[in-house]
Amino acid sequence: MVRIILAVIVGFLAWSILWVGSDSVLRSLSPDWYGAHQYGFEKALTNTTPFAVDQTIMFMSLIRTIIISLLAGFLTAVIAGENRRSTLWLGILLFLFGGFVQAMTWNYIPVWYHLLFLGMLIPATILGGWLKQPAAVVTAEPAD
């Protein structure tokens, strides 16, 4: 049980680092488009002012969600040594934390994005765990 808890914590941290890290990379690669959009979004949240989201960036974020959730689910399954309970608990934790973040941004982002983002977290995390196959049992063949 301790191994599963540790795996879920590591998976959550990995998901968070990958999310923030990929956002930083995208801001660096495209400061005039992606970076400006994200800065404007943060400014609108801070000042509670209107903001128009870029639909392309929303779709990119959904793709990042799937990829990062798959990776975090896989890592969690590797650490836990199993791919059922650990990835489910990671998905639930990501859903709860994601729901909190989505609630803070509810008025700025379209409802379809919130629903897809949250709706993909648990299935993608579990699927990532399924990518880690259980260790094969090796049996020695009797010598003739």
Side-chain angles (χ1 to χ4, degrees), residues 1-140:
M1 183 56 122
V2 172
R3 192 169 173 182
I4 289 175
I5 293 169
L6 176 64
V8 170
I9 292 169
V10 170
F12 181 81
L13 291 173
W15 195 101
S16 301
I17 290 167
L18 288 170
W19 183 264
V20 171
S22 63
D23 188 66
S24 294
V25 167
L26 289 170
R27 286 177 190 242
S28 297
L29 292 175
S30 179
D32 296 332
W33 176 60
Y34 188 89
H37 179 272
Q38 296 304 87
Y39 174 75
F41 180 65
E42 290 167 3
K43 187 176 174 184
L45 279 174
T46 303
N47 300 329
T48 61
T49 56
F51 181 76
V53 296
D54 185 315
Q55 301 294 322
T56 303
I57 290 176
M58 294 291 96
F59 283 112
M60 286 173 51
S61 293
L62 291 174
I63 292 168
R64 281 177 41 220
T65 301
I66 294 169
I67 293 169
I68 293 170
S69 297
L70 288 169
L71 292 170
F74 180 81
L75 177 63
T76 299
V78 168
I79 293 170
E82 62 88 50
N83 61 3
R84 294 185 189 270
R85 291 178 292 163
S86 59
T87 55
L88 175 62
W89 281 112
L90 174 61
I92 290 169
L93 180 60
L94 289 171
F95 179 84
L96 293 173
F97 187 78
F100 172 73
V101 172
Q102 296 300 312
M104 292 189 318
T105 63
W106 191 263
N107 294 327
Y108 294 93
I109 299 175
V111 173
W112 63 263
Y113 175 85
H114 294 297
L115 297 176
L116 286 174
F117 178 88
L118 292 172
M120 290 188 303
L121 286 172
I122 294 173
T125 303
I126 291 171
L127 181 59
W130 286 351
L131 296 174
K132 191 261 181 219
Q133 298 297 317
V137 177
V138 179
T139 57

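When reading the values below, keep in mind they use all heavy atoms of this one structure, side chains included, and skip hydrogens, waters and symmetry mates. We're numbering straight along the sequence, starting at 1.
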Does atom CH2 of Trp130 have more than 12 heavy-atom neighbours, drawn from other residues, nucleotides or ligands, at distances under 6.0 Å? no

Do Val53 and Gln55 come close enough that some side-chain heavy atom pair is under 4.5 Å? yes

In terms of heavy-atom contacts, Leu121 and Thr125 come closest through O-OG1, 2.6 Å

Taking all non-hydrogen atoms of both residues into account, name the closest pair between Gly11 and Ala72 and its distance. O-CB, 3.7 Å

Nearest heavy-atom neighbours spanning Ser61 and Tyr113: CB-OH, 3.4 Å

Does the ring centre of Trp15 sit less than 6.0 Å away from the ring centre of Phe95? no

Pair Asp23-Tyr34, side-chain donor/acceptor within less than 3.5 Å: yes

Please step through side-chain contact (heavy atoms from CB on, under 4.5 Å) for the pair Met60 and Leu26, ending with a clear verdict. CA-CA 10 Å; Met60 286 173 51; Leu26 289 170; 4.0 Å; yes

Could you pull out the closest heavy-atom pair between Thr87 and Gly129, with the gap in Å? CG2-CA, 3.5 Å

Quick one: CD1 on Ile66 to CE on Met120, what's the gap to the nearest 0.5 Å? 4.0 Å

Can you name the closest pair of heavy atoms from Thr56 and Asp54 and give their distance? N-OD1, 2.8 Å

How many angstroms lie between atom OG1 of Thr76 and atom CG of Leu6, to the nearest 0.5 angstrom? 9.5 Å

Rounded to the nearest 0.5 Å, what separation is found between the OG1 atom of Thr65 and the CG atom of Leu70? 10.5 Å

In chain order, what residues pass the ring pair (Phe, Tyr, Trp, His ring centres under 6.0 Å) check against Phe41, with sequence neighbours excluded? Phe51

Using side-chain contact (heavy atoms from CB on, under 4.5 Å), reason through Ile92 and Leu96 one step at a time and then give a plain yes or no. CA-CA 6 Å; Ile92 290 169; Leu96 293 173; 4.1 Å; yes

Inter-residue atom distance Ile17.CD1 - Ser24.OG, 0.5 Å rounding: 12.0 Å

Ile122 side, atom CD1; Trp89 side, atom CH2 - distance, nearest 0.5 Å: 10.5 Å

Side-chain atoms of residues 98-107: list all donor-acceptor pairs with protein atoms under 3.5 Å, sequence neighbours left out, distances to 0.1 Å.
unit_1 : atom_1 : unit_2 : atom_2 : d
Gln102 : OE1    : His114 : ND1    : 2.5
Thr105 : OG1    : Val101 : O      : 3.4
Thr105 : OG1    : Gln102 : O      : 3.3

Between CZ of Phe59 and CZ of Arg64, what distance do you get to the nearest 0.5 Å? 15.0 Å

The side-chain contact (heavy atoms from CB on, under 4.5 Å) partners of Phe12 (sequence neighbours excluded) come to Ser16, Leu90, Leu93, Leu94, Phe97

Please report the closest heavy-atom contact between Ala77 and Ser86, naming both atoms and the distance. CA-OG, 4.1 Å

